[in-house]
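These figures come from a predicted structure and were not determined experimentally. Numbers here simply count residues along the sequence, with the first being 1.
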Amino acid sequence: MRIPIIAGNWKMNKTIAEARELVGALRDELTRVAADGKVQIVLCPPFIALAEVAARVKETPIKVGAQNLFWEVKGAYTGEIAPPMLNEVCDYVIIGHSERRQYFGETDEGVNKKTRVALAHHLTPIVCVGENLQQNEAGQTAQIVGAQVRAAFTEIARDDARRCVIAYEPVWAIGTGKAASGAGANAVIGLTIRGALADLYDEATAQTIRVQYGGSVTPKNVAEFFAQPEIDGALVGGASLLAADFIAICQAARK
Ligand code: PGA
């Protein structure tokens with residue numbers, strides 16, 4: 001039984017004061033939603049608000065995640081954040097989001113290095129994969145997404161892989177209001193992503209790893225995704241900035 005996981009990726013939104021306000025609006029209701037362990041909820045604010053958000057959800061079942069990390073543990077890497085720094089404030093880290101691949105030059109190799117270091121420091125990676133519009137229209141989805149999964153998990157042992165979460169986020173669906181169809185996302189996750197994991201490891205491992213869908217998830221369309229057998233929750237961007245919407249999405253995950 002895979003427990004669904006809903007992560008709110010706040011991206012580059014919310015000052016510390018605004019983060020405090022949003023977490024204040026989320027905390028009590030999300031605590032109720034997550035109390036019996038049937039759904040896991042993770043808030044991923046910008047680095048600068050991590051400690052503030054973490055302090056406010058301490059002693060609740062709500063977890064906190066970072067949106068990125070660097071693969072070295074310390075040193076002369078101006079502007080970067082190391083895994084031991086994250087250990088103090090959070091349990092999860094988003095790795096290889098398409099915006100990082102697109103605007104900050106992240107490669108499959110870098111995603112693999114970050115995933116390995118996160119695991120070594122007891123952080124749960126949320127590894128993002130997904131094809132862009134051109135690749136989708138050219139019928140290359142399986143090839144691209146399969147290659148991203150194989151690259152991300154290079155030299156990662158089976159027990160470590162089982163601790164990871166994967167987010168399938170078609171790039172054309174992110175922030176566009178054009179979500180994938182539930183059946184379409186289910187097929188990519190079931191056939192391509194779990195297929196690649198079964199090749200890399202074994203069928204049991206492929207069935208153990210949780211795979212979220214991400215891309216224009218809203219309270220209106222979320223039921224369609226959560227009804228799919230291969231989809232284990234959602235990585236939510238825009239709708240995670242609105243307390244009522246994010247709460248509604250988390251509630252839907254219980255059904
Ligand atoms: P969106 O973003 O929900 O705003 O489409 C999802 C994501 O980028 O994780």
Side-chain angles (χ1 to χ4, degrees), residues 1-11 13-14 18-47 49-68 86-95 97 118 122-128 163-169 174 179 185 189 208-228 230-255:
M1 242 315 253
R2 300 184 299 258
I3 296 168
I5 174 165
I6 314 299
N9 174 10
W10 295 5
K11 307 193 180 182
N13 295 290
K14 304 295 177 191
E18 289 164 348
R20 194 180 297 138
E21 205 174 303
L22 180 55
V23 75
L26 293 169
R27 183 174 51 194
D28 292 350
E29 192 51 39
L30 293 187
T31 296
R32 268 192 287 279
V33 174
D36 61 4
K38 285 192 178 153
V39 50
Q40 285 177 357
I41 299 172
V42 186
L43 305 178
C44 303
F47 282 130
L50 272 176
E52 179 69 28
V53 171
R56 279 163 198 270
V57 299
K58 217 174 159 188
E59 333 232 308
T60 78
I62 304 165
K63 301 292 185 192
V64 178
Q67 299 174 16
N68 184 25
L86 294 183
N87 279 136
E88 290 183 0
V89 286
C90 65
D91 296 309
Y92 289 80
V93 57
I94 298 171
I95 295 175
H97 189 280
H122 310 290
L123 293 159
T124 299
I126 299 177
V127 179
C128 301
R163 288 165 45 211
C164 294
V165 175
I166 297 175
Y168 170 54
E169 298 206 306
I174 295 176
I189 293 172
T208 301
I209 295 174
R210 290 180 295 172
V211 188
Q212 304 170 301
Y213 167 76
S216 296
V217 171
T218 66
K220 282 210 176 85
N221 64 19
V222 71
E224 179 182 345
F225 295 106
F226 294 166
Q228 304 293 330
E230 302 290 357
I231 301 180
D232 309 314
L235 181 55
V236 185
S240 75
L241 299 171
L242 306 165
D245 282 9
F246 192 63
I247 289 168
I249 289 167
C250 292
Q251 285 168 334
R254 292 179 57 87
K255 295 194 183 122

If you look at every heavy atom in Trp10 and Ala19, which pair is closest and at what distance? CZ3-CB, 3.7 Å
Working to the nearest 0.5 Å, report the span between CG of Leu123 and CG of Asn87. 4.5 Å
Heavy-atom side-chain proximity of Leu86 to Leu50 below 4.5 angstrom: yes
Would you check if Val89 and Val64 make a side-chain contact, meaning some heavy-atom pair closer than 4.5 Å? no
Tyr168 side chain reached by Glu230 side chain, heavy atoms, under 4.5 Å: no
Could you work out, with side chain to side chain contact (heavy atoms under 4.5 Å, CB included) as the rule, every residue matching Glu224, not counting sequence neighbours? Ser181
Measure from the side-chain N and O atoms of Arg27 to the backbone N and O of Val57, and report whether any donor-acceptor pair falls under 3.5 Å. no
Please report the closest heavy-atom contact between Gly65 and Pro45, naming both atoms and the distance. O-CD, 3.6 Å
How many angstroms lie between CG in Leu43 and NZ in Lys63, if you round to the nearest 0.5 Å? 11.5 Å
Would the distance check show the side chain of Tyr92 and the main-chain N or O of Ile94 forming a donor-acceptor pair, the cut-off being under 3.5 Å? no
Less than 4.5 Å apart, side chain to side chain, heavy atoms only: is that true for Leu22 and Phe246? no
Can you tell if the side chain of Phe226 reaches within under 4.5 Å of the side chain of Ile6, non-hydrogen atoms only? yes
Exercise: identify the closest heavy-atom pair between Pro219 and Ala248: CB-CB, 3.9 Å
Which residues pass the side-chain hydrogen bond (donor to acceptor under 3.5 Å, both in side chains) test with Gln251, not counting sequence neighbours? Glu29
Any side-chain heavy atom of Gln67 within less than 4.5 Å of one from Asn9? yes
Shortest non-hydrogen separation from Ile174 to Lys11 and the atoms involved: CG2-NZ, 3.5 Å
To the nearest 0.5 Å, what is the distance between CD1 (Ile41) and OG1 (Thr31)? 8.0 Å
Heavy-atom closest pair, residues Ala118 and Ile95: CB-CD1, 4.0 Å
For residues Pro125 and Val165, determine if any side-chain heavy atom of one lies less than 4.5 Å from a side-chain heavy atom of the other. no
Spacing of CG belonging to Leu242 relative to CD1 belonging to Ile249, to within rounding of 0.5 Å: 9.0 Å
Would you sort out whether Ile166 and Val211 count as a side chain to side chain contact (heavy atoms under 4.5 Å, CB included), showing the intermediate values? CA-CA 5 Å; Ile166 297 175; Val211 188; 4.1 Å; yes
Could you list the residues that satisfy side chain to side chain contact (heavy atoms under 4.5 Å, CB included) with Thr208, not counting sequence neighbours? Arg162
So which atom in Cys90 and which in Ala66 form the shortest heavy-atom distance, rounded to 0.1 Å? SG-N, 3.8 Å
Hits for side chain to side chain contact (heavy atoms under 4.5 Å, CB included) against Ala167, two or more places apart or cross-chain, chain-then-number order -> Ile126, Cys128, Glu169, Gln212, Leu235
Residue list, side chain to side chain contact (heavy atoms under 4.5 Å, CB included) with Thr218, at least two apart or on another chain: Lys220, Asn221
Not counting sequence neighbours, which residues clear salt bridge (Lys or Arg N to Asp or Glu O under 4.0 Å) with Glu21? List them please. none
Let's go through Val39 and Val33 carefully: what are the C-alpha distance in whole Å and the side-chain angles of both, what is the deciding distance for side chain to side chain contact (heavy atoms under 4.5 Å, CB included) to 0.1 Å, and is it a yes or a no? CA-CA 7 Å; Val39 50; Val33 174; 3.8 Å; yes
Please examine the side chains of Arg254 and Asp36, heavy atoms only from C-beta on, and report whether any two atoms are closer than 4.5 Å. yes
